[in-house]
A.B. asks: 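Let me begin by handing over the structure; questions about it come next.
Numbering of residues begins at 1 and proceeds along the displayed sequence. From a predicted model like this one, the values you see are computed outputs, not experimental measurements.
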Amino acid sequence: MDIFRNMQIFVEVAREKSFRGAADKLEMPNSTVSRRIAELERDVGLRLFDRSTRYVSLTDAGKLHLDNCEKILDNARLAHEELADLRSAPYGKLSVVANMAPATQWIVPLLPAFSRRYPEISIDLDIASDYPSPLKNGVDVAIVMGPVVQQDLVARQIVELGGLGLYASPSYIEEHGSPDCPAEMGKYQALTHLNIQQWHLVNNGNGKMAIISPNGRIRVANFSALQELCLAGMGICVWHEFRAQKLVKARQLLRVLPQWSLQPWSFYAVTTSRHIPARVRAFIDFLIQNQPR
């Protein structure tokens with residue numbers, strides 16, 4: 001019995017929920033598909049599909065077998081791709097998902113250089129407002145702000161972004177004042193990201209830590225939008241010092257709690273397996289080599 005081929009046929013029947021649909025996709029006779037599935041069921045001693053004249057559905061045993069077969073076929077595909085990679089440059093379509101800030105401020109500016117280095121790789125970049133996940137259909141890698149706690153995912157830290165501080169516009173401080181210590185932040189309007197519930201502050205002098213839950217009427221899942229609101233005098237916001245320093249010199253921003261900085265934010269490249277195609281490995285390595293400073 002051709003176990004590997006029967007696995008492929010089984011997976012296609014499960015996905016198509018039809019023997020005829022699987023046969024068309026695999027370009028083989030419907031009778032061959034039926035015979036191969038019967039052969040597989042006979043070999044394992046379990047019924048994998050419930051059949052009727054209108055539909056085909058997986059049994060409990062079939063659901064378990066589908067999960068195992070998909071993993072085996074994915075590993076086989078990756079093994080084949082790794083062999084191909086030995087004789088050629090990385091190639092193929094790369095699907096990436098990330099939130100707005102890393103996508104627009106970091107990934108997009110690097111794409112021209114990445115494309116010049118790897119001209120055989122095409123890129124689909126999905127900018128997500130919710131938590132990016134590699135579990136979405138077809139996604140190769142998600143760029144995620146850590147920590148990553150989901151155990152069935154593989155996370156590799158690609159950057160630790162330091163130089164983060166709190167800033168407000170001169171108009172906001174003129175009207176409302178500014179806090180003298182982190183404990184006073186509750187009295188002020190904070191502009192916060194929907195996915196960040198706390199600010200972890202570190203004293204630049206003595207290393208003392210302070211964790212605050214910022215208080216504010218406006219929360220947005222987009223750092224650029226928050227910073228625009230900050231410039232408009234709506235509250236206190238997190239900025240990277242590199243971006244803020246020009247605005248400070250132009251007197252459009254003022255540092256709040258200058259003796260305190262936020263703990264660095266760690267970003268991870270998250271995949272569903274440690275075995276990744278060369279195009280994914282090349283992209284992750286390129287991001288690490290070109291970290292934002």
A.B. asks: Give a yes or no on this: more than 12 heavy atoms of other residues, nucleotides or ligands lie within 6.0 Å of atom CD of Glu184.
C.D. replies: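 Count over threshold, so yes.
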
A.B. asks: Quick one: are Pro179 and Leu257 in side-chain contact, heavy atoms under 4.5 Å?
C.D. replies: yes

A.B. asks: List the atom of Ile158, the atom of Ala269, and the distance in Å for their closest heavy-atom pair.
C.D. replies: CG2-CB, 3.9 Å

A.B. asks: Within the distance-only criterion (no hydrogens, no angle test), does the side chain of Gln252 pair as donor or acceptor with the backbone N or O of Lys249 below 3.5 angstrom?
C.D. replies: no

A.B. asks: So which pairs with a foot in residues 16-32 pass side chain to side chain donor-acceptor pair (under 3.5 Å), sequence neighbours left out?
C.D. replies: none

A.B. asks: When rounded to the nearest 0.5 angstrom, what is the spacing between CE in Met100 and CG in Asn222?
C.D. replies: 5.0 Å

A.B. asks: Given side chains that start at C-beta, do those of Val33 and Glu12 come closer than 4.5 Å, heavy atoms only?
C.D. replies: no

A.B. asks: Could you check Met185 against Asn215 for side chain to side chain contact (heavy atoms under 4.5 Å, CB included), going step by step and ending with a plain yes or no?
C.D. replies: CA-CA 8 Å; Met185 271 296 301; Asn215 176 48; over 6 Å; no

A.B. asks: Please check if Ile218 and Val238 belong to a single hydrophobic cluster, counting links between Ile, Leu, Val, Met, Phe, Trp and Tyr side chain heavy atoms closer than 4.5 Å.
C.D. replies: yes

A.B. asks: Count I, L, V, M, F, W, Y as connected when their side-chain heavy atoms are under 4.5 Å apart, and connections chain through other members. Are Val139 and Val144 then in the same cluster?
C.D. replies: no

A.B. asks: With a cut-off of 3.5 Å and sequence neighbours excluded, list every side-chain donor-acceptor pair involving residues 110-119.
C.D. replies:
from   : atom 1 : to     : atom 2 : distance (Å)
Ser115 : OG     : Leu111 : O      : 3.0
Arg117 : NH1    : Gln289 : OE1    : 3.3

A.B. asks: For residues Asn206 and Lys208, report the shortest heavy-atom separation together with the two atoms involved.
C.D. replies: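 Looking at all heavy atoms of both residues, the shortest contact is OD1-N, 2.8 Å.
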
A.B. asks: I'd like to know whether Ile236 forms a side chain to side chain contact (heavy atoms under 4.5 Å, CB included) with Tyr172, so could you lay out the CA-CA distance, the side-chain angles of the two residues, the decisive distance to 0.1 Å, and finally the verdict.
C.D. replies: CA-CA 8 Å; Ile236 299 171; Tyr172 180 84; 4.0 Å; yes

A.B. asks: Establish whether Leu40 and Leu73 are linked, either directly or via other cluster members, by ILVMFWY side-chain heavy-atom contacts under 4.5 Å.
C.D. replies: yes

A.B. asks: I need the Phe10 CZ to Leu58 CG distance, nearest 0.5 Å.
C.D. replies: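 Those atoms lie 5.5 Å apart.
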
A.B. asks: Please name the pair of heavy atoms, one in Gly92 and one in Arg279, separated by the smallest distance, quoted to 0.1 Å.
C.D. replies: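 Heavy atoms only, the tightest pair is C-CD, 4.0 Å.
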
A.B. asks: Got a second to check how far Gln8's CD is from Leu26's CG, nearest 0.5 Å?
C.D. replies: 8.0 Å

A.B. asks: Check for a donor-acceptor pair, side chain of His240 on one end and backbone N or O of Gly162 on the other, with a separation under 3.5 Å.
C.D. replies: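 Yes, the answer is positive, given that a donor and an acceptor are paired below the 3.5 Å cut-off.
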
A.B. asks: Run His65 and Leu46 through side chain to side chain contact (heavy atoms under 4.5 Å, CB included) and show every step you take.
C.D. replies: CA-CA 10 Å; His65 193 56; Leu46 292 168; over 6 Å; no

A.B. asks: For Asp67, is there an ion pair with Lys63 - N to carboxylate O distance below 4.0 angstrom?
C.D. replies: no

A.B. asks: Any link between Phe267 and Leu194 through a network of hydrophobic side chains (Ile, Leu, Val, Met, Phe, Trp, Tyr) touching at under 4.5 Å?
C.D. replies: no

A.B. asks: Have a look at Val280 and tell me which of Val141, Ile121, Val96 forms a side-chain contact (heavy atoms from CB on, under 4.5 Å) with it.
C.D. replies: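 Answer after filtering Val141, Ile121, Val96: Val141.
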
A.B. asks: Of all heavy-atom pairs between Ile127 and Ala103, which one has the smallest distance, and what is that distance?
C.D. replies: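 Result for this residue pair: CG1-CB, 3.8 Å.
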
A.B. asks: Looking at Arg217 and Gln189, would you say the former's side chain and the latter's main chain have a donor-acceptor pair under 3.5 Å?
C.D. replies: no

A.B. asks: Is it true that Val256 and Leu254 fall in one hydrophobic cluster, defined by side-chain heavy atoms closer than 4.5 Å?
C.D. replies: yes

A.B. asks: Taking salt bridge (charged side-chain N to carboxylate O under 4.0 Å, His left out) as the test, write out the residues that go with Glu241, two or more places apart.
C.D. replies: Arg255

A.B. asks: Kindly determine whether Phe223 and Trp265 satisfy ring pair (Phe, Tyr, Trp, His ring centres under 6.0 Å), including the steps that lead there.
C.D. replies: CA-CA 13 Å; Phe223 284 109; Trp265 288 346; 5.4 Å; yes

A.B. asks: If you look at every heavy atom in Thr59 and Arg47, which pair is closest and at what distance?
C.D. replies: OG1-O, 2.7 Å

A.B. asks: So, for Asp140 and Thr271, which heavy atoms are closest and what is the spacing to 0.1 Å?
C.D. replies: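 Looking at all heavy atoms of both residues, the shortest contact is O-CG2, 3.5 Å.
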
A.B. asks: Can you list the steps and then say if Arg156 with Asp285 is a side chain to side chain contact (heavy atoms under 4.5 Å, CB included)?
C.D. replies: CA-CA 10 Å; Arg156 179 180 177 186; Asp285 289 344; 3.1 Å; yes

A.B. asks: Let me know which of Ile37, Asp50, Leu48, Val13 forms a side-chain contact (heavy atoms from CB on, under 4.5 Å) with Val56.
C.D. replies: Val13

A.B. asks: Apply the hydrophobic cluster definition, ILVMFWY joined by side-chain contacts under 4.5 Å directly or through others, and give me every member besides Val202.
C.D. replies: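 Joined to Val202, directly or through intermediates: Met209.
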
A.B. asks: I'd like to know if Arg5 and Glu39 make a salt bridge, using a cut-off of under 4.0 Å between side-chain N and carboxylate O.
C.D. replies: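 No, this pair does not count.
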
A.B. asks: What's the separation between atom CG in Asp124 and atom CG in Leu94, rounded to the nearest 0.5 Å?
C.D. replies: 8.5 Å

A.B. asks: Tell me, do Leu287 and Ile143 make a side-chain contact under 4.5 Å, heavy atoms counted?
C.D. replies: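 The answer is yes; the side chains approach within 4.5 Å.
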
A.B. asks: Counting only N and O atoms by type, is there a donor-acceptor contact under 3.5 Å from the side chain of Asn99 to the main-chain atoms of Ala128?
C.D. replies: yes

A.B. asks: What's in the same ILVMFWY side-chain cluster as Leu64, cut-off under 4.5 Å, chained through other members?
C.D. replies: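 Result for Leu64 is none, singleton.
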
A.B. asks: Side-chain heavy atoms under 4.5 Å apart, restricted to Ile/Leu/Val/Met/Phe/Trp/Tyr: what other residues fall into the cluster of Leu253, or is it alone?
C.D. replies: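 Direct or chained contacts put Leu253 with Tyr167, Leu231, Trp239, Leu247, Val248.
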
A.B. asks: Working to the nearest 0.5 angstrom, can you tell me the gap between Leu161 CG and Gln263 CD?
C.D. replies: 13.0 Å

A.B. asks: What distance do Met28 atom CE and Arg36 atom CZ have between them, rounded to the nearest 0.5 Å?
C.D. replies: 6.5 Å

A.B. asks: Could you check if a side-chain atom of Leu153 sits within less than 4.5 angstrom of a side-chain atom of Thr272, using non-hydrogen atoms only?
C.D. replies: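 Yes, their side chains come closer than 4.5 Å.
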
